[in-house]
There are 2 protein chains.
Amino acid sequence: MSDLLERLRGRGWRMTAQRRVVAEVLDGDHVHLTADEVHARAVDKLPEISRATVYNTLGELVTLGEVLEVSTDRRAKRYDPNAHRPHQHLVCAQCGTIRDVHPTGNPLSSLPDSERFGFTIEGADVTYRGTCPSCAGA
Amino acid sequence: MSDLLERLRGRGWRMTAQRRVVAEVLDGDHVHLTADEVHARAVDKLPEISRATVYNTLGELVTLGEVLEVSTDRRAKRYDPNAHRPHQHLVCAQCGTIRDVHPTGNPLSSLPDSERFGFTIEGADVTYRGTCPSCAGA
DNA sequence: TCCTACGATAGACATTGTCTAAGTCAAGTA
DNA sequence: TACTTGACTTAGACAATGTCTATCGTAGGA
């Protein structure tokens, strides 16, 4: 992800302090943040950044395919910078922690033609639900 | 689902006109309604029913396991009365139509131990994304 | 029939996200 | 470097969805 800024510049993105900060927040291993969490961390680095700009920038990153939206629960959408390696998600029902996981096989192969109802299938999102070790121990 | 009211009464549910109406709305084949849609249809049958009551009743039905919550997109939660037959969902990316589908195999078997990170896995929700015939034709 | 606890109600409030109008500035040009 | 322009940012209003509270009503048992 370190070359994200280069890729964006290459696509004609106007580089602003705000966009740089949002990209920096998403970089690193603290993944699956909500928009509000991204905003909070961005404010630490650039106090005057507005909420709308964070939402706009996240939306643009999603459109560009650099970040994925994840909606594992009824709460806020989360943003996953791991957009370049296909994966699914494992969610703790207690604390909401999300882990990226890589299942075997192709999930599409489990859906027979008779269950496709004429749809053109483009993909499948799998959310494994469970309890994480910390919550299980508590 | 026609015996839903009986089951609920058997569980000590106090039967009120409002709860009966909500259950009736969910009954039938017009499935996957949002809370707001349930409320709109309930108002047709019982004009003075309040939004809070619909939300409360839906929440109770979910808790009782009679109805499933489905969050396939960033929009409102949808309520699926087909709670007694395990199934997954097929969603049209254009119009948002949802179909219940029954994939083969057990989705949990695709997640190897090395990808479980110590979680106790309870289940997997699969959302197949695609384009429905109507939207593809348009 | 009467009581009472459980359920319903209206509406305030909370959370998450979108939109708008006006001001600001990155980057190209000279 | 200074100028110009349109893309970007901002604050805050607004919207959609959902939750909570105080009060009133009523289902169902005594």
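Hydrogens, waters and symmetry mates play no part in the numbers below; they use all other heavy atoms, side chains included. We name chains A, B, ... by the order of the sequence lines, and we start the count at 1 in each one.
Residues A:R11 and A:E66 are paired through a salt bridge, judged by an N-O separation under 4.0 Å between the basic side chain and the carboxylate.
In this structure, B:Q18 does not reach the D:dT26 phosphate: none of its side-chain N or O atoms is under 4.0 Å from OP1 or OP2. Between B:S50 and C:dA8 there is no side-chain N or O to OP1 or OP2 distance below 4.0 Å. Contact annotation: B:T53 side-chain N/O to C:dG7 OP1/OP2 distance is not under 4.0 Å.
Rounded to an integer number of Å, the gap from A:E69 CD to C:dT18 P is 8 Å. The distance from atom CG of B:L46 to atom P of D:dG25 is 16 Å, rounded to the nearest whole Å. What separates CG of B:L5 from C1' of D:dA27 is a distance of 15 Å, to the nearest Å. Between A:R20 atom CZ and C:dC25 atom P the separation is 14 Å, expressed in whole Å. When the C1' atom of C:dG7 is taken as reference, atom CG of B:L8 falls 15 Å away, rounded to whole Å. The CZ atom of B:R19 sits 12 Å away from the C1' atom of D:dT26 (whole-angstrom rounding). In this structure, CD of B:E48 is placed 18 Å from P of C:dG7, rounded to the nearest angstrom. Atom CD1 in A:I49 sits about 14 Å away from atom C1' in D:dA11, given to the nearest Å.
Every residue two or more places apart in sequence or in another chain was checked for a side-chain contact (heavy atoms from CB on, under 4.5 Å) with A:T63, and none qualifies. In this view, B:R99 satisfies the side-chain hydrogen bond (donor to acceptor under 3.5 Å, both in side chains) rule with no residue, not counting sequence neighbours. Partners of B:Y128 by side-chain hydrogen bond (donor to acceptor under 3.5 Å, both in side chains), not counting sequence neighbours, listed by chain and number: A:S110. Every residue was checked against the side-chain hydrogen bond (donor to acceptor under 3.5 Å, both in side chains) condition with B:T127, not counting sequence neighbours, and none meets it. With sequence neighbours left out, the ring-ring contact (aromatic ring centres under 6.0 Å, His included) criterion links B:H87 to B:H89. Residues passing the side-chain hydrogen bond (donor to acceptor under 3.5 Å, both in side chains) test with B:S50 are B:T53, sequence neighbours excluded.
Grouped with A:V91 in one hydrophobic cluster are A:I98, the linkage being side-chain heavy-atom contacts under 4.5 Å among Ile, Leu, Val, Met, Phe, Trp and Tyr residues.
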Give each protein N/O atom lying under 3.5 Å from an N/O atom of nucleotides 3-5 of chain D, with the pair distance.
none

Protein-nucleotides 16-19 of chain D N/O pairs closer than 3.5 Å?
residue: D:dG18; atom: OP1; partner: B:K77; partner atom: N; Å: 3.0
residue: D:dG18; atom: OP2; partner: B:Y55; partner atom: OH; Å: 3.1
residue: D:dG18; atom: N7; partner: B:R51; partner atom: NH1; Å: 3.2
residue: D:dG18; atom: N7; partner: B:R51; partner atom: NH2; Å: 3.3
residue: D:dG18; atom: O6; partner: B:R51; partner atom: NH2; Å: 3.1
residue: D:dT19; atom: O4; partner: B:R51; partner atom: NH2; Å: 3.3

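Comparing B:N56 and A:W13 along DNA chain D, the residue whose closest nucleotide (by nearest heavy atom) sits nearer the 5' end is A:W13.
Tracing side-chain contacts under 4.5 Å through hydrophobic residues (I, L, V, M, F, W, Y), one never reaches A:V70 starting from A:L61; they form parts of separate clusters.
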